[in-house]
Amino acid sequence: MAKVPRSFRLLSELEHGEKGIGDGSCSYGLKDSDDIAMYEWNGTILGPPHSAYENRIFSLSIYCGDRYPDMPPLVKFESKITLPCVDQQGFVNFSRIPSISNWKRDFTLETVLVELRRDMASPSNRKTPQPAEGTEFPPADLEAVARQRNV
């Protein structure tokens, strides 16, 4: 089977993201509509019901490097959150999310957001005390971090 080029894949994801995902609990789109290389994205996750995240909106920044979708994107929570897969700067560690720890080319930005939300709702995380609403992680230069991490 032929590999779909990165740009075609991201155009398809952009179209899908703009239409909305499933029940509307997650969304994503380009950070800058003029970014023809489609590197920087914004994502949003609505906190799952009956959890410590309920009634909260979590903002994320996503960087899809030149090797995406063969390699996972760089994902950073902007909204402060306490979750085992999120480090002190807000970056997501995919190896700590069992369902996507072994990255596959078929995974999409939607997959990432939905699986993060599922992780938030898991029995081991759903009651984890959270930082005050409205607090954020420190800003980061995603492009520089992506280069450093070879994303």
Side-chain angles (χ1 to χ4, degrees), residues 6 9-35 37-65 67-146 148-149 151:
R6 176 187 179 279
R9 166 68 178 272
L10 286 171
L11 280 170
S12 173
E13 291 198 47
L14 177 60
E15 182 180 345
H16 186 73
E18 288 177 339
K19 289 180 180 173
I21 303 170
D23 64 1
S25 61
C26 300
S27 64
Y28 61 92
L30 278 176
K31 180 177 181 179
D32 178 359
S33 60
D34 292 334
D35 178 8
M38 295 179 279
Y39 287 118
E40 295 191 50
W41 298 69
N42 291 321
T44 303
I45 299 174
L46 300 181
H50 314 295
S51 73
Y53 313 95
E54 186 173 28
N55 297 323
R56 289 191 177 196
I57 299 171
F58 295 90
S59 298
L60 300 88
S61 293
I62 304 165
Y63 187 88
C64 295
R67 297 177 2 169
Y68 179 84
D70 294 315
M71 297 291 292
L74 180 66
V75 179
K76 179 184 182 294
F77 274 86
E78 298 301 337
S79 307
K80 210 156 207 185
I81 188 170
T82 303
L83 200 58
C85 65
V86 178
D87 72 15
Q88 299 293 332
Q89 281 73 48
F91 288 99
V92 173
N93 179 346
F94 283 80
S95 69
R96 308 233 15 215
I97 309 168
S99 57
I100 55 176
S101 61
N102 293 320
W103 185 259
K104 293 181 177 65
R105 189 176 215 287
D106 296 346
F107 293 163
T108 63
L109 299 179
E110 176 183 355
T111 306
V112 171
L113 295 175
V114 168
E115 291 306 318
L116 281 168
R117 188 170 191 267
R118 184 171 290 143
D119 197 41
M120 293 160 78
S122 72
S124 58
N125 296 328
R126 68 183 307 115
K127 298 298 179 194
T128 303
Q130 293 302 304
E133 195 165 354
T135 56
E136 294 192 347
F137 284 107
D141 180 344
L142 287 188
E143 186 177 356
V145 173
Q148 180 185 18
R149 296 185 181 187
V151 173

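Values reported hereafter were calculated over all heavy atoms of this structure, with side chains retained and with hydrogens, waters and symmetry mates removed. Just so we're clear, the structure is a prediction, and the values are computed from it rather than from any experiment.
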Shortest non-hydrogen separation from [X] to [Y] and the atoms involved:
X	Y	result
C64	L10	SG-CD2, 4.0 Å
K76	F137	NZ-CB, 3.6 Å
M120	L83	CG-CD2, 3.9 Å
S95	N93	OG-OD1, 2.5 Å
V151	P72	CG1-O, 3.5 Å
E115	I100	CG-CG2, 3.8 Å

Please check this pair: side chain of [X] against backbone of [Y], looking for a donor-acceptor N/O pair closer than 3.5 Å.
X	Y	result
Y28	E13	yes
R126	P48	no
R96	P84	yes
D119	C85	no
R118	S99	no
S59	S79	no
Q130	T82	yes

- Item | Exceeds 12 heavy-atom contacts within 6.0 angstrom, atom CG of L11 |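 Result for CG/L11: enclosed.
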
- Item | Within 6.0 angstrom of D141 CG, more than 12 heavy atoms from elsewhere |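 Counting other residues, nucleotides and ligands, CG of D141 exceeds 12 neighbours.
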
- Query: Should the ring pair Y68 and W103 be called parallel, tilted or perpendicular, given that the plane angle runs from 0 to 90° and is split at 30 and 60?
  - Reply: tilted

- For the pair V92 and I97, evaluate side-chain contact (heavy atoms from CB on, under 4.5 Å) and give the outcome as yes or no after the intermediate values. CA-CA 9 Å; V92 173; I97 309 168; 3.8 Å; yes

[atom1]/[X] to [atom2]/[Y] distance, rounded to the nearest 0.5 angstrom?
X	Y	atom1	atom2	answer
H16	T108	NE2	OG1	6.5 Å
L14	L30	CG	CG	5.0 Å
R105	R67	CZ	CZ	12.5 Å
N42	D32	CG	CG	10.0 Å
S25	L113	OG	CG	9.0 Å
R117	F58	CZ	CZ	10.5 Å

- Just do the side-chain contact (heavy atoms from CB on, under 4.5 Å) check on L116 and C26 with the steps written out, would you? CA-CA 10 Å; L116 281 168; C26 300; over 6 Å; no

- Query: For F91, is the NZ or CZ atom of R149 found under 6.0 angstrom from the centre of its six-membered ring and inside 45 degrees of the ring axis?
  - Reply: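 Cation-pi check for R149 and F91: passes.
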
- Task: Would you kindly check if the NZ (Lys) or CZ (Arg) of R6 is within the cone defined by 45 degrees around the ring axis of Y39 and under 6.0 Å from the six-membered ring centre?
- Result: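 Verdict for Y39: a cation-pi partner in R6.
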
- Do E40 and Y63 come within less than 4.5 Å of each other through their side chains, counting heavy atoms only? yes

- Do W41 and D35 come within less than 4.5 Å of each other through their side chains, counting heavy atoms only?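 W41 does not reach D35 side chain to side chain.
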
- Mind running side-chain contact (heavy atoms from CB on, under 4.5 Å) on I45 and L60 for me, showing each step along the way? CA-CA 8 Å; I45 299 174; L60 300 88; 3.8 Å; yes

